[in-house]
Amino acid sequence: MPATRTPLENEPALIRAAQRGDVDSFNALVQHYQNAVYSLAYRLMGESHSAGDAAQDAFITAYRRLETYRGGSFRAWLLKITANQCYDVLRRYKRQPGISIEELSAEEDDTTLADSAETPEQAAERSELRRAIQNCINALAPDQRLILVLSDVEGFDYQAIADQAQIALGTVKSRLSRARAAIRDCLRGAEELIAPQLRL
Amino acid sequence: MNEQDRELLSAYLDNALSQGERVDAEQRLAADPELRREMDSLQLTIQLIQSLPELTAPRSFALTKDQARRPARLLNFPTIASAASAVAAVALLLIGFSLLSTPQTAPVGQVAVLATNTMSEITTSTEGYSAAAPLPAASPQLASPTQRVDDPLILALPTATAIQPPIADMAFAATTSETLDDAASSSIQMGNTAQGLTSAADTASSAESAAIAAQPEMQSGGDANGVVAGFTDTIIPATPPPFPSAAPTQLTESTNTPSEVAAQATIATESRIAETDEAEMVNDGDVTVAGEETQTLTDDTITPTGTPAPADLARAAQTDQTWLGATLIIVGGILLVIAVVVWLSGRRR
């Protein structure tokens, strides 16, 4: 589990201070959650530049709306703002014919060795597989992409996704099912990157 | 494999099925190899997606002071509404208290004119008085709702009413035997009384009140002042600078003693309600009132001799004023409470 999935020890105090206008306290929260926020933004936006802008905007929006935070998981609250931020941008992309988000190619460049047993070739293949998965995600319609990422990347349950996307529970189920089937079909074109035991 | 089966499998993998649905799905999976293969491929797909790691942010997203600056909040609706209500409430309370604390009868020589939104022309005359100084035509000073008028013939115009009776032409024809209507009519017919009381007030009762307000002045005698009250709904005795205690020099020409003047004074008051804004007075001493609908005030309570029942009328006016003041205070108080409640509710958000 990523470290940012566990809240900060003094998180409630930091949140209260930030709500009173203490930027330093809020920035402590930013430091803790910025990987999660950026990661979600990247999965939704599909490329690093837009993801960075969306993440920054999400933190600014979160700071200005701190009074609306009513307790609960601060991480979930932040990711909800991030998802909304990205979704708005994606819908704008969709309305602008000149920009095709599907054409954006994932640029994930994580070739660091996962463990000492991994060879450089294996690290490169792993990185290539992740890029292929991200490209398949990028090929999804924004509606399906949002549901898929929130469910299978961030681990939200159906009800939380329905609340987040403001859609019915049945719509979440159907969109998620179609998105998963589309990803599977997409990845079948990159089976050589997938370990034999994981071939689809 | 149809879409419903995929949805069933997807929800099954997420443990999002009810107990009954789950049992049905497991029975179908056990009996249908194709369905089982579909489920396996979906499960592998989910595993691949879940294998995506959390990325490292390429830079710090810590907010700068500029980014952290919250946009200045514009005044929101509750704030504006409560402020407006509070101002209105205070205004109503002030007016209400001033109505309650101010006596209805104005001191001798003082003119109180409260004009709101109508055009009023009121003049009175006193027998034996011959005015010499012409009034400035449509004098801007006289357009003030409340003002001091030094001329014994007081003309007060709440608005820029066209009223230019040359005082040199004024004479006094109204007699004690005439009713108000008769007096006014004869004045007009004889052309020697530059006295026009025209009022664009909405109701004849306004003109009645004007006559009431004028009455004490006429009875006080010595000054032989005409009193003008141009108003619509309410007379509020204003407190202008005191009128000169001595009668104006023009009055010394009168051979009558002040008491005689008072006794003989005839108020020729005529109020006409002009529906149009075209009321005008002709300078030759005649009074003409333009407009189809004019209404002549005939007030039984005011006798031509100027000896009505002023006390009763004043009491009645005082009562009206008291009621109005009390009503304004109550409304103002309610408004003030609403303003406070709205303001508090706005702060809680």
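Lettering follows sequence order; numbering is per chain, from 1.
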Is there a side-chain contact between [X] and [Y] in this structure, where contact means two heavy atoms from C-beta onward sitting under 4.5 Å apart?
X       : Y        : result
B:Leu63 : A:Phe26  : yes
B:Ser41 : A:Arg188 : yes
B:Asp14 : A:Arg180 : yes
B:Gln50 : A:Val153 : no

Can A:Ser174 and B:Glu3 be counted as having a side-chain donor-acceptor contact under 3.5 angstrom?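 No, B:Glu3 and A:Ser174 have no side-chain donor paired with an acceptor closer than 3.5 Å.
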Using heavy atoms and a sub-4.5 Å threshold, report which of residues 52-59 of chain A line up against chain B, by residue number.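 At a heavy-atom separation under 4.5 Å, chain B is reached by A:Gly52, A:Asp53, A:Ala55, A:Gln56, A:Phe59.
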Return the [atom1] to [atom2] distance between [X] and [Y], rounded to the nearest 0.5 Å.
X        : Y        : atom1 : atom2 : result
A:Arg131 : B:Leu52  : CZ    : CG    : 12.5 Å
B:Leu9   : A:Ser177 : CG    : OG    : 8.0 Å
A:Arg178 : B:Ser10  : CZ    : OG    : 11.0 Å

Taking every non-hydrogen atom, the tightest pair across [X] and [Y]:
X       : Y        : value
A:Asn35 : B:Ala57  : OD1-N, 2.8 Å
B:Leu42 : A:Ala181 : CD2-N, 4.1 Å
B:Ala16 : A:Tyr158 : CB-CE2, 3.6 Å
B:Pro53 : A:Ser39  : O-OG, 3.8 Å
A:Arg64 : B:Arg69  : NH2-O, 3.1 Å
A:Gln34 : B:Ser60  : OE1-CA, 3.4 Å

For chain B, which candidate among A:Leu40, A:Val30, A:Leu169, A:Val37 shows the most heavy-atom pairs at distances under 4.5 Å?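 Result: the option with the highest number of such pairs is A:Val30.
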Interface moiety of [X] toward chain B, non-hydrogen atoms closer than 4.5 Å:
X        : result
A:Ile137 : side chain
A:Ile60  : both
A:Leu148 : side chain

In sequence, state the C-alpha distance, the side-chain angles, and the governing distance for B:Leu55 and A:Tyr38, and then conclude on side-chain contact (heavy atoms from CB on, under 4.5 Å). CA-CA 7 Å; B:Leu55 300 175; A:Tyr38 173 75; 4.1 Å; yes
Of B:Thr45, B:Ile46, B:Leu48, the residue whose pairing with A:Asp152 passes side-chain contact (heavy atoms from CB on, under 4.5 Å):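 When side-chain contact (heavy atoms from CB on, under 4.5 Å) is applied between A:Asp152 and each of B:Thr45, B:Ile46, B:Leu48, only B:Ile46 qualifies.
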Need one label for B:Arg37: side chain, backbone, both or neither, based on atoms under 4.5 Å from any heavy atom in chain A.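 Neither the backbone nor the side chain of B:Arg37 comes within 4.5 Å of chain A.
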Name the region of B:Glu38, side chain, backbone, both or neither, that has any atom closer than 4.5 Å to a heavy atom of chain A.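 Both the backbone and the side chain of B:Glu38 come within 4.5 Å of chain A.
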Electrostatic pair B:Glu54:A:Arg43 at N-O distance under 4.0 angstrom: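 Looking at A:Arg43 together with B:Glu54, the answer is no, because their closest N to O distance does not fall below 4.0 Å.
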Within the side chain of B:Glu7, is there an N or O that forms a donor-acceptor pair under 3.5 Å with the backbone of A:Lys173?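 No: the side chain of B:Glu7 does not pair with the backbone of A:Lys173.
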